Amino acid sequence: MFIMTRKRVAVIGAGVVGVSAAYYLSKDESIDLTIFDDGIGQGTSAAAGIISPWLSRRRNKKWYHMVKEGAAFYPDFLSDVMNGDTIPPSVYKQVGTLVFKTNDQYLDDLLDIGEKRRENAPEIGELKILPPEKVREKVPIYTKESPALWASGGARVDGKKLVELVLEEASKNGASLVKERVTLSQSEEGYVVHTSTGPLLFDSVVLAAAAWLPELLGPLDYEVDSRPQKGQLVEVKLAGYNTNDWPVIMPEGEEDIIPFENGHVIIGATHENEEGFNLDIDENRLKDMIVIAADKFSDTLKTASIESYRSGTRAYTSDFSPFFGPVPGHQQLFAASGLGSTGLTAGPLVGKCLAQLVMEETPDLPLADYPIEQYVKQTNEPPSF
Ligand SMILES: Cc1cc2nc3c(=O)[nH]c(=O)nc-3n(C[C@H](O)[C@H](O)[C@H](O)COP(=O)(O)OP(=O)(O)OC[C@H]3O[C@@H](n4cnc5c(N)ncnc54)[C@H](O)[C@@H]3O)c2cc1C
């Protein structure tokens, strides 16, 4: 009788990148998949949830390509995960985006940028400058008198729910999840993931460990240019408002306003480069964010009740560019990191690319544009087993 030997694959990290990689790997019956996740400080479950990359003034074309394609991929990814069933609106919904600028000329310039970009990114949808009364039709609590740029393709996603949904589908396909912090080493037989119950051997490993990648690759003699950035935000409840279809609101500054369902609204997030992996909540700073958001958008926000505070860790590189690919010197070890403040947007596509590499397929994003060797450098030759 012919017995097929399945390829043993580990995914370390179950944020948006890891679960997306795991989902695609779990569909391949020749793979025996185990996912490891610690979860503390995870960026994905802390994220604000904005999927609207097209109106950024950042000039990095390769980054833009990644996030534009990432945003376009979301509906297809989730339809795939849902097997054609309706995507739960509490997880992901295209509600549009309202972008504000302090100066009307900047808004006109942004409209020009958006119209040019729409030629290659039809998913931006309708673009137009809305006068304040039209902004109020979309978000009745708006009390200011500035116009906004409307992009109908913008979406919001609940990172925590997204991860849960995708993990559930991966486990239906046979993947197992181990919820603990692990370390990695290499032996003659393959890669060894060290768990609290002993070592486990794998043929191939995906490191979707964001800001924790240096810690995982250090023992294998690599220096990694990726570091933590702390982000904090606050969730408030606007009692009595149906916020289900309100768009994502992006005033200038850090205080974005992301309405979810049934009056739940996120305000944030901070970008703190000097805090390392510290997750402490600074309530005063977050209360100030509510006041600033209220001053820019609507005093009603000041009357909202505070539901919760969240903090999480983003990963960023020294030039703020993301990377992914095979770890230099290894053919069966793959990693991604440095997705920064738009990693929720790029995550499903980057995860799919990592899965494609494991399955020896050509990744949907060009590897050469996100060169891992620029950020992951060997300090010693790997052993030649
Ligand atoms: C406050 C905040 C707001 C944000 N808002 C947005 C937004 O609106 N839009 C957007 O596009 N992006 C946003 N981001 C960025 C986005 O959330 C991240 O870039 C993205 O989630 C990164 O995904 P990831 O899968 O690479 O990493 P993560 O989601 O951080 O997941 C990595 C996982 O690996 C696990 N791990 C690491 N090492 C180990 C180990 N040794 N053993 C076991 N497990 C391990 C960690 O515990 C973690 O669970 C935000 C981030 C923050 C913090």
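All ligand and atom numbering here is 1-based and tracks the order in the structure. Remember, it's a predicted structure, so these values are computed and weren't measured experimentally.
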Give a yes or no on whether the backbone of [Y] and the side-chain of [X] come within a donor-acceptor separation of less than 3.5 Å.
{"X": "Thr317", "Y": "Ser321", "value": "yes"}
{"X": "Gln42", "Y": "Ser45", "value": "yes"}
{"X": "Arg227", "Y": "Asn273", "value": "no"}

When only distance counts, is [X] in polar contact with ligand 1, meaning an N/O pair under 3.5 Å?
{"X": "Asp38", "answer": "yes"}
{"X": "Ile51", "answer": "no"}
{"X": "Ile50", "answer": "yes"}
{"X": "Gly312", "answer": "no"}
{"X": "Trp212", "answer": "no"}
{"X": "Asp37", "answer": "yes"}
{"X": "Val17", "answer": "yes"}
{"X": "Leu344", "answer": "yes"}

Among all protein non-hydrogen atoms, which one is nearest to [atom], and what is the separation to 0.1 Å?
{"atom": "atom 21 (O) of ligand 1", "answer": "Thr44 OG1, 2.8 Å"}
{"atom": "atom 27 (O) of ligand 1", "answer": "Ala210 CB, 3.2 Å"}
{"atom": "atom 32 (C) of ligand 1", "answer": "Ala208 O, 3.5 Å"}
{"atom": "atom 34 (O) of ligand 1", "answer": "Gly13 CA, 3.1 Å"}
{"atom": "atom 20 (C) of ligand 1", "answer": "Gly343 C, 3.7 Å"}

Can you name the atoms of ligand 1, numbered from 1 with element, that are less than 4.0 Å from a heavy atom of [X]?
{"X": "Arg181", "answer": "38 (N), 42 (N), 43 (C)"}
{"X": "Gly39", "answer": "46 (C), 47 (O), 49 (O)"}
{"X": "Gly15", "answer": "25 (O), 29 (O), 31 (O)"}
{"X": "Val182", "answer": "40 (C), 41 (N), 42 (N), 43 (C)"}
{"X": "Gly231", "answer": "1 (C)"}
{"X": "Glu180", "answer": "42 (N), 43 (C)"}
{"X": "Gly43", "answer": "17 (O), 21 (O), 28 (P), 29 (O), 30 (O)"}
{"X": "Thr345", "answer": "10 (C), 11 (O)"}

Heavy-atom distances under 4.0 Å are what count here, so tell me which part of [X] touches ligand 1: side chain, backbone, both or neither.
{"X": "Ala48", "value": "both"}
{"X": "Ser311", "value": "neither"}
{"X": "Ser337", "value": "neither"}
{"X": "Asp256", "value": "neither"}

Between [Y] and [X], is there a side-chain heavy-atom distance shorter than 4.5 Å?
{"X": "Leu184", "Y": "Leu207", "result": "yes"}
{"X": "Ile141", "Y": "Phe297", "result": "yes"}
{"X": "Phe334", "Y": "Ser204", "result": "yes"}
{"X": "Tyr23", "Y": "Val81", "result": "yes"}

Original post:
Is the distance between the ring centroids of Tyr370 and Phe323 less than 6.0 Å?
Top reply: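 No: the rings miss the under 6.0 Å criterion.
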**OP:** Mind checking the CD1-CZ spacing from Ile281 to Arg310? Nearest 0.5 Å is all I need.
**Re:**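 Those atoms lie 10.0 Å apart.
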**OP:** Find the distance between CG (Asp245) and CD (Gln94) and round it off to the nearest 0.5 Å.
**Re:**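 Between atom CG of Asp245 and atom CD of Gln94 there are 12.5 Å.
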**OP:** Apply ring-ring contact (aromatic ring centres under 6.0 Å, His included) to the pair Phe100 and Tyr142, showing each step before the final yes or no.
**Re:** CA-CA 12 Å; Phe100 290 83; Tyr142 184 53; 5.5 Å; yes
Subject >> Charged tip of Arg118 within 45° of Trp54 ring normal and under 6.0 Å >> reply: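 No cation-pi geometry.
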Original post:
Between Lys7 and Asp28, is there a side-chain N and carboxylate O pair less than 4.0 Å apart?
Top reply: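 No.
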Subject >> Test: Arg8 and Glu189 ion pair at under 4.0 Å >> reply: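 Answer for the salt bridge query: no.
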Subject >> Ser341 to ligand 1, any heavy atom closer than 4.0 Å >> reply: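 Yes, Ser341 has heavy atoms under 4.0 Å from ligand 1.
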Original post:
Evaluating non-hydrogen atoms only, which member of Gly340, Gly49, Gly347 is closest to atom 19 (O) of ligand 1?
Top reply: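 The option holding the nearest heavy atom is Gly340.
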**OP:** Apply ring-ring contact (aromatic ring centres under 6.0 Å, His included) to the pair Trp212 and Phe277, showing each step before the final yes or no.
**Re:** CA-CA 9 Å; Trp212 297 270; Phe277 290 97; 5.3 Å; yes
**OP:** Give the cluster check for Tyr309 versus Ile267: same hydrophobic cluster or not, with ILVMFWY residues linked at side-chain heavy-atom distances below 4.5 Å.
**Re:**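 Tyr309 and Ile267: one cluster.
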